[in-house]
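Fair warning: this is a prediction, and the values are worked out from it, not measured in the lab. For the numbers below, each heavy atom of this structure counts, side chains included, while hydrogens, waters and symmetry mates do not.
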Amino acid sequence: MSAVTAVEQVIGESAAPLRVPGISVVVTERIEEVEAAWRQLEALGIDCPGQGLDFVRTWLDTFAVRKEDRVFVLAALNDRPVVLLPLYRKRWMGLSVATWLTGDHLGQQAPLVDKGAFAAMSDFDRHQVWNRLARVVLDTDLISLPNVPTDIARPTGLADLFHSMKGADRGYRARFESWEECDGAQRNKHRRKVDRQQAAKLAALGVPHFEVLKPGDPVDDVIETMFAQKAVRFGEMGIADPFAPPHVRAFYRDVFDRAGGVLHVLRLDGEVIAVRYNLTAGGGLYCLISSMTTCAATQSGSPGKQCLLGVMQSAFDEGYAFVDLGRGENDEKRQWCNERVELGHYCHVLTPLGHIAWIVQRLGEHVRASVKGNRNWFALAKRLRRGVAGGKS
């Protein structure tokens, strides 16, 4: 006999309960109605900052997301919360899509789940959980859950019910017990020599100083400098600056204090020359933004790499379990990261139009993966992007 015994679906405040065999599910626009369950699930551990209630509250406050566009979906098993999805109902290509509330500002997202409860469920019960969740999100053409770690989607059964495809990018983490273990595994004799040479170049220009700032420390000027440095870099790359809108910058300032921010800052004679903006989650650090000075003379000392060296040493000395550097491969991730996080995109189609949208999404991701997997194509794509933006090729 299945452990899943009853279902209750509640839409907003005025809808009458609908009872069918299954699990208990609440769908609401009011975050207050799921707050207690959210705190209970969060206490079991979160896998990324976007699962945190304080992070999401800050997002809602800053971006003034309309109440009718919010969709909080909570599933419980025998009154025990097991899954929570904070979603956002938006328009895309003329369709209504329910997707992650916080958009693409995080390298990965995932349902907030009780992993212990899912481990104890049968395959049938796991299927029933996702089947009921998929059925109760109304007034959308599809549910789209991009950039979910596959090691969460597979054990919980999400990957079995939702359409899925492999993401074009992977996430990258450095996971070590200590700085000594990290240093021994990731830096060889040549790497240490290069780091010393770069440090000497910076020291020849002034007095370098690395510091770690946390909530309560004066960080506003550092964050503003970081955004200014990023704006220049985005312009060079031919990419629209996602941090340009004032309300986006306000969000990152506010969430730093409310969701466990950590700033790693490298200064030269007191001037900020490199920054890494992190949030804490799951016992680790998630780097959301990194920046470096626009001064060519200072760049000769590789302040970004010197700052990251300080990040790794300080993070593991302070006892963090890992440092997540986000998705997409680059030199710094190849140097420091010993863990790859496979990401998948998961979608549940609710209408014929939603099926067409899913086909378009799959095609787009396939093209992205093909371009990124071919060095020549990828180089051409970057030149075209800079050309369109008016940058150098």
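The neighbour count for D221 CG, taken as heavy atoms of other residues, nucleotides or ligands under 6.0 Å away, does not exceed 12. Other residues, nucleotides and ligands place more than 12 heavy atoms under 6.0 Å from the CZ atom of R57.
In this structure, R192 contributes its side chain and R187 its backbone to a donor-acceptor pair below 3.5 Å. Side-chain atoms of Q198 never come within 3.5 Å of backbone atoms of P303 as a donor-acceptor pair (strictly under, hydrogens ignored). Under the 3.5 Å distance criterion, the side-chain polar atoms of R70 are left unmatched by any main-chain donor or acceptor of I31.
Checked against side-chain contact (heavy atoms from CB on, under 4.5 Å), S178 has the following partners two or more places apart in sequence or in another chain: E180, E181. Remark: T156 engages no residue in a side-chain hydrogen bond (donor to acceptor under 3.5 Å, both in side chains) (not counting sequence neighbours). With sequence neighbours left out, D257 forms a salt bridge (Lys or Arg N to Asp or Glu O under 4.0 Å) with no residue at all. Residues forming a salt bridge (Lys or Arg N to Asp or Glu O under 4.0 Å) with D123 (at least two apart in sequence, or on another chain): R126.
Listed by first and then second residue, the salt bridge (Lys or Arg N to Asp or Glu O under 4.0 Å) pairs that reach into residues 289-316 come to none, sequence neighbours excluded. Judged as a salt bridge (Lys or Arg N to Asp or Glu O under 4.0 Å), the pairs with a partner in residues 196-215 (not counting sequence neighbours) are, in order, E211-R267, K214-E318. Legend: ring-ring contact (aromatic ring centres under 6.0 Å, His included) pairs involving residues 317-338, not counting sequence neighbours, sorted by first then second residue: Y286-F322. The ring-ring contact (aromatic ring centres under 6.0 Å, His included) pairs that include a residue from residues 184-218 are F210-H264, where partners are two or more places apart or lie in different chains. The salt bridge (Lys or Arg N to Asp or Glu O under 4.0 Å) pairs that include a residue from residues 269-279 are R276-E332, where partners are two or more places apart or lie in different chains. Residue pairs satisfying the salt bridge (Lys or Arg N to Asp or Glu O under 4.0 Å) criterion with at least one member in residues 40-49, sequence neighbours excluded, are listed as follows: R39-E42, D47-K115.
Of all heavy-atom pairs spanning P149 and Q108, the tightest one is CG-OE1, 3.1 Å. Between A297 and L205 the shortest heavy-atom distance is O-CD1, 3.6 Å.
Between R170 and E329, no side-chain nitrogen of the basic residue sits less than 4.0 Å from a carboxylate oxygen of the acidic one, so the salt-bridge criterion is not met. The pair D195-R191 counts as a salt bridge, with a side-chain nitrogen and a carboxylate oxygen less than 4.0 angstrom apart.
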With a 3.5 Å cut-off and sequence neighbours excluded, list the donor-acceptor pairs that the side chains of residues 246-256 form with protein atoms.
residue: R249; atom: NE; partner: F243; partner atom: O; Å: 2.8
residue: Y252; atom: OH; partner: H105; partner atom: ND1; Å: 2.9
residue: R253; atom: NH1; partner: E224; partner atom: OE2; Å: 2.6

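Other members of the cluster containing L343 are V341, with ILVMFWY side chains joined at under 4.5 Å, either directly or via other members.
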